[in-house]
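Values below: every heavy atom of this structure, side chains too, minus hydrogens, waters and symmetry copies. Being a predicted model, the structure only gives us computed values, none of them experimental.
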Amino acid sequence: YKAKKQASGFCFYSMDYERSSIQHIQLNDKIRNALAKNEFSLHYQPIFENDGRTVYSLEALIRWQQQDGSYISPALFIPVAEKAGLISSITQWVIHAAFTQLEIWQDSGHYRHIQINLSACDLQNDGIVDYLKEQLDTFNINPNQVILEITESAMIADITLAKNALRKLYALGITLSVDDFGSGYTSLTMLSDMPIKQIKIDAQYVIEMSRKNNNFAIISSIAFLANSIGAKVVIEGIENQKVLTKVSTLETALLQGHFLSQPMKAEQLEQMFSSTIKIMSLQP
Ligand code: C2E
Ligand code: MG
Ligand code: MG
Ligand code: MG
């Protein structure tokens, strides 16, 4: 499992290479088309403070609605876009769309931070660093409002390249987060050498918590170790009250999951925020 850099900027995983098929080729064309026709949009899922109410940040999640109205999951098309050399265009689209929305929401109190997902391929050259630098200059957005999520596997795919890119992003004042931590073999020791300020524990541990007794012990140990290297922990995948009650005992943890809030369109989020404010103002 090693990300490869090619002169053309294409990026693919050798492990998956064999699997390229007619379906993938068709999907390539559809992704190209979707970029041209602007079929992508963003949903935002709030990440809450430990009280489960105060919004700490919003995670931008890409959505692709096709002409027939159906959605294609990013878990399906992002890997294809990576192989087709289309991921940097998608990442740039996401950054631009998120910044455009943030500028509208600036001063509204809707958010403090935005979290954007990067792909492993984005770390293999300086394209993303240059693009973010340029967009931060163009938009009225402070780099300390921006959190970039990079999966654990992307961090270790090519550790030297990743470290370089991460240091440059960090130097811009951006916060770096490790997504799906615990799904691979990275130790916190490896991460302590990188400018990581947030660790998102792989949702699978959290989802399985109701069934597996040891999981909470693992989650709380990761939270403890993360704090010791100066990083905040996000517990994602909170799907029920039982799990929420348990993870709320981790005082410094940030919380995310369907039980707290689904990913939403910008308009839905605005409605949620205005109704929350109404409820709060009705209280004595
Ligand atoms: P991720 O970054 O780990 O995002 C979390 C995924 O879990 C999202 O799925 C979210 O909708 C879902 N989720 C949220 N709460 C819960 C919960 O309580 N239970 C469960 N089972 N799931 C929950 P989504 O939006 O389908 O995204 C899937 C993956 O696709 C993301 O995982 C991320 O790796 C990738 N992705 C999404 N948007 C982007 C993007 O803009 N750029 C890149 N490069 N990747 C993206
Ligand atoms: Mg994420
Ligand atoms: Mg600026
Ligand atoms: Mg995740």
* Asked: Going by side-chain heavy atoms closer than 4.5 Å, which hydrophobic residues are tied to Leu254, directly or by a chain of links?
  -> Ile47, Tyr56, Ile147, Val234

* Qualifying residues under ring-ring contact (aromatic ring centres under 6.0 Å, His included), relative to Tyr44, sequence neighbours excluded -> Trp105

* **Set of salt bridge (Lys or Arg N to Asp or Glu O under 4.0 Å) partners for Asp126, sequence neighbours left out** => Lys168

* Asked: Side chains of Lys200 and Gln198: closer than 4.5 Å at any heavy-atom pair?
  -> yes

* If only atom types and distance count, is the side chain of Gln45 paired as donor or acceptor with the main-chain N or O of Ser261 below 3.5 Å? -> yes

* Asked: Who are the ring-ring contact (aromatic ring centres under 6.0 Å, His included) partners of Phe99, not counting sequence neighbours?
  -> Phe139

* With sequence neighbours excluded, tell me which residues meet side chain to side chain contact (heavy atoms under 4.5 Å, CB included) with Gln67. => Lys37, Glu39

* Structure fact -> Sequence neighbours excluded, the answer for salt bridge (Lys or Arg N to Asp or Glu O under 4.0 Å) partners of Glu152 is none

* Ignoring hydrogens and geometry, is there a side-chain-to-backbone donor-acceptor pair from Asn215 to Tyr205 under 3.5 Å? -> yes

* **ring-ring contact (aromatic ring centres under 6.0 Å, His included) partners of residues 61-81, not counting sequence neighbours, each pair once** => Phe40-Trp64, Phe40-Phe77, Trp64-Phe77

* To do: Using the salt bridge (Lys or Arg N to Asp or Glu O under 4.0 Å) rule, collect all pairs that involve residues 183-198, keeping only residues at least two apart or in two chains.
  => Lys163-Asp193

* Asked: Sequence neighbours excluded, which residues qualify as side chain to side chain donor-acceptor pair (under 3.5 Å) partners of Gln145?
  -> Gln106

* **Salt-bridge contact Glu49-Arg112 (side-chain N to carboxylate O under 4.0 Å)** => yes

* To do: For Ala162, enumerate each residue passing the side chain to side chain contact (heavy atoms under 4.5 Å, CB included) test, keeping only those at least two apart in sequence or located in another chain.
  => Leu123

* Does Gly127 offer a backbone N or O that forms a donor-acceptor pair with the side chain of Asp130 under 3.5 Å? -> no

* Just checking, any donor-acceptor pair under 3.5 angstrom between side chains of Ser57 and Gln115? -> yes

* Has the side chain of His43 got a donor or acceptor atom that lies under 3.5 Å from a matching backbone atom of Ile62? -> no

* Within residues 218-233 or reaching into it, pairs that qualify as salt bridge (Lys or Arg N to Asp or Glu O under 4.0 Å) - sequence neighbours excluded -> none

* To do: Would you list the pairs meeting salt bridge (Lys or Arg N to Asp or Glu O under 4.0 Å) in which at least one residue belongs to residues 203-230, sequence neighbours left out?
  => Glu208-Lys212

